[in-house]
Amino acid sequence: MEEIKLEPIGIVHSSVRERKDMPLQGVEAEIEVFREYEEGLMGIEENSHLFVVCWLDKAERDTLQVTPRKYSVDLPKRGVFAIRTPVRPNPVSITTARLIQVRGRLLTVSHLDAINGTPVIDLKPYEPGWDCVFSASRRDRYQSIKKMMPAEYRDDLIRQAVNYHGEECQGLAMAVRMAAFATLTLKKDLRNSSVCILIGKNACISDSLIGITGARLGNKRLYYNLNPKLRESDSYSIYDAEKTIVFRIKKFMKDYKGIMDCDIKDLFDIEVI
């Protein structure tokens, strides 16, 4: 096989300088594209999201099984090809990042999990019709979720909801609060195939719950409230074969931050059946 040779096309400028300090969701950062590759940026501003491909030059390359330490050292080991660890034979990272701003050769992006000084080896536009596989399945992450700090799991839910719904709003915040409560109550990853949702009349809440759970009509996990009385009360349910959690919305009395920070009983009448 011929030798594989990679040349960096840019570099990451980030506030995070050590891998251990990188949040699970990454941070807002800047990518500086080297001058000799500047012409390759023509038209990039027309995309809302990019694949940022980096070479993790400080990562270990001689390990094939690791513990997902971002969650806990108590979790079982997994093969490096089964998880998104930076430790791998060829330490290439692929991050889907939102493109915030383009200023000449400088790109500002969100959710980039590469530390300061990381070489960038490619940029590719994210194609929603091709790259979004909403029906994709994954391993149940409940054991990892249990090890997360509440704020980390909330950020995880927000990102999943925003990726589907498109923006942070009051309805999304309500859905995130429901999802966090339901995860702890059902003791399951909400993308588990046994978890279903019954959505109400608020489009933003419904969108966000679909994005978080992966529920669809096609996989028989998504249902609508057809009872006129239930729809009038604007209730939502998240359930499996053993438990049903009904959330009846009281009132939208708070802004996005207020919804995220208040006691959940201020937002819903909750019934666990």
Side-chain angles (χ1 to χ4, degrees), residues 6-61 66 68-71 80 83-88 90-128 130-132 144 148-169 172-173 176 211 256-257 260:
L6 297 174
E7 293 288 345
I9 57 95
I11 193 168
V12 172
H13 299 298
S14 172
S15 59
V16 182
R17 298 181 176 275
E18 299 291 339
R19 199 176 82 193
K20 63 180 177 58
D21 298 326
M22 180 63 69
L24 281 171
Q25 299 299 319
V27 295
E28 184 174 307
E30 196 171 69
I31 298 169
E32 178 188 355
V33 175
F34 298 145
R35 194 173 301 279
E36 59 266 37
Y37 301 107
E38 184 174 5
E39 290 185 7
L41 293 175
M42 181 184 293
I44 199 168
E45 70 282 351
E46 298 172 8
N47 300 280
S48 68
H49 291 73
L50 303 172
F51 285 124
V52 181
V53 186
C54 293
W55 182 262
L56 305 179
D57 55 331
K58 292 181 172 57
E60 302 163 30
R61 302 183 62 176
V66 296
R69 294 181 183 276
K70 281 286 185 182
Y71 300 106
V80 298
I83 57 176
R84 298 169 69 99
T85 174
V87 177
R88 47 207 326 115
N90 292 308
V92 175
S93 71
I94 302 175
T95 303
T96 306
R98 182 168 65 89
L99 181 58
I100 298 172
Q101 187 179 44
V102 179
R103 292 179 293 117
R105 296 183 293 112
L106 300 177
L107 312 180
T108 304
V109 297
S110 68
H111 296 300
L112 188 61
D113 55 357
I115 65 174
N116 188 63
T118 298
V120 178
I121 57 176
D122 204 1
L123 298 167
K124 295 178 182 290
Y126 177 89
E127 294 286 352
W130 295 351
D131 298 324
C132 177
S144 298
M148 287 187 191
M149 298 292 289
E152 288 179 333
Y153 184 50
R154 185 174 295 185
D155 287 344
D156 183 282
L157 292 172
I158 291 170
R159 186 170 181 182
Q160 293 183 64
V162 170
N163 283 348
Y164 187 84
H165 180 55
E167 63 176 346
E168 293 183 0
C169 62
L172 181 141
V176 166
Y256 179 89
K257 187 176 186 306
M260 288 296 189

Novice: Just by distance, do the side chain of Asn116 and the backbone of Ser14 share a donor-acceptor pair under 3.5 Å?
Specialist: yes
Novice: Which residues satisfy the side-chain contact (heavy atoms from CB on, under 4.5 Å) test with Asn163, sequence neighbours excluded?
Specialist: Arg159
Novice: Can you check whether Ser110's main-chain N or O pairs, donor with acceptor, with Arg98's side chain at less than 3.5 Å?
Specialist: no
Novice: Please find the pair of heavy atoms, one from Leu99 and one from Ile44, that lie closest to each other, and give the distance.
Specialist: CD2-O, 3.4 Å
Novice: Taking all heavy atoms of Asn90 and all of Arg61, pick out the closest pair and write down the distance.
Specialist: OD1-NH2, 3.1 Å
Novice: Using modelled atom types and a 3.5 Å cut-off, is there a donor and acceptor pairing between side-chain atoms of Thr95 and backbone atoms of Ala97?
Specialist: no
Novice: So, using side-chain contact (heavy atoms from CB on, under 4.5 Å) as the criterion, who are the partners of Gln101 when residues are at least two apart?
Specialist: Arg103, Thr108
Novice: Has Ile94 got more than 12 heavy atoms of other residues, nucleotides or ligands less than 6.0 Å from its CD1?
Specialist: no
Novice: Can you list the steps and then say if Val162 with Leu172 is a side chain to side chain contact (heavy atoms under 4.5 Å, CB included)?
Specialist: CA-CA 8 Å; Val162 170; Leu172 181 141; 3.6 Å; yes
Novice: Report the residues that fulfil side-chain contact (heavy atoms from CB on, under 4.5 Å) with Tyr164, sequence neighbours left out, ordered by chain and then residue number.
Specialist: Phe134, Asp207, Ile210
Novice: Crowded around Glu36 CD? As in, over 12 foreign heavy atoms under 6.0 Å?
Specialist: yes
Novice: With a 3.5 Å distance limit and no angle check, can you tell me whether His111 reaches the backbone of Gln25 through a side-chain donor-acceptor pair?
Specialist: yes
Novice: Check Leu41 against Gly104 and note the closest heavy-atom contact, atom names and distance.
Specialist: CD1-O, 3.7 Å
Novice: Quick one: closest heavy-atom pair of Val16 and Asp21, and the distance?
Specialist: CG1-C, 3.9 Å
Novice: Under 3.5 Å, is there a donor-acceptor pair between the side chain of Asp155 and the main chain of Glu152?
Specialist: no
Novice: Looking at every non-hydrogen atom in both residues, tell me the closest pair between Cys54 and Val12 and how far apart they are.
Specialist: SG-CG2, 4.2 Å
Novice: Let me see the working for Arg19 and Lys58 under side chain to side chain contact (heavy atoms under 4.5 Å, CB included), right down to the final yes or no.
Specialist: CA-CA 9 Å; Arg19 199 176 82 193; Lys58 292 181 172 57; over 6 Å; no
Novice: Begin with the C-alpha distance, continue with both residues' side-chain angles, and end with the deciding distance and a verdict on side chain to side chain contact (heavy atoms under 4.5 Å, CB included) for Leu123 and Val52.
Specialist: CA-CA 5 Å; Leu123 298 167; Val52 181; 4.0 Å; yes
Novice: Should the heavy atoms of other residues, nucleotides or ligands under 6.0 Å from CZ of Arg105 be counted, would the total exceed 12?
Specialist: yes
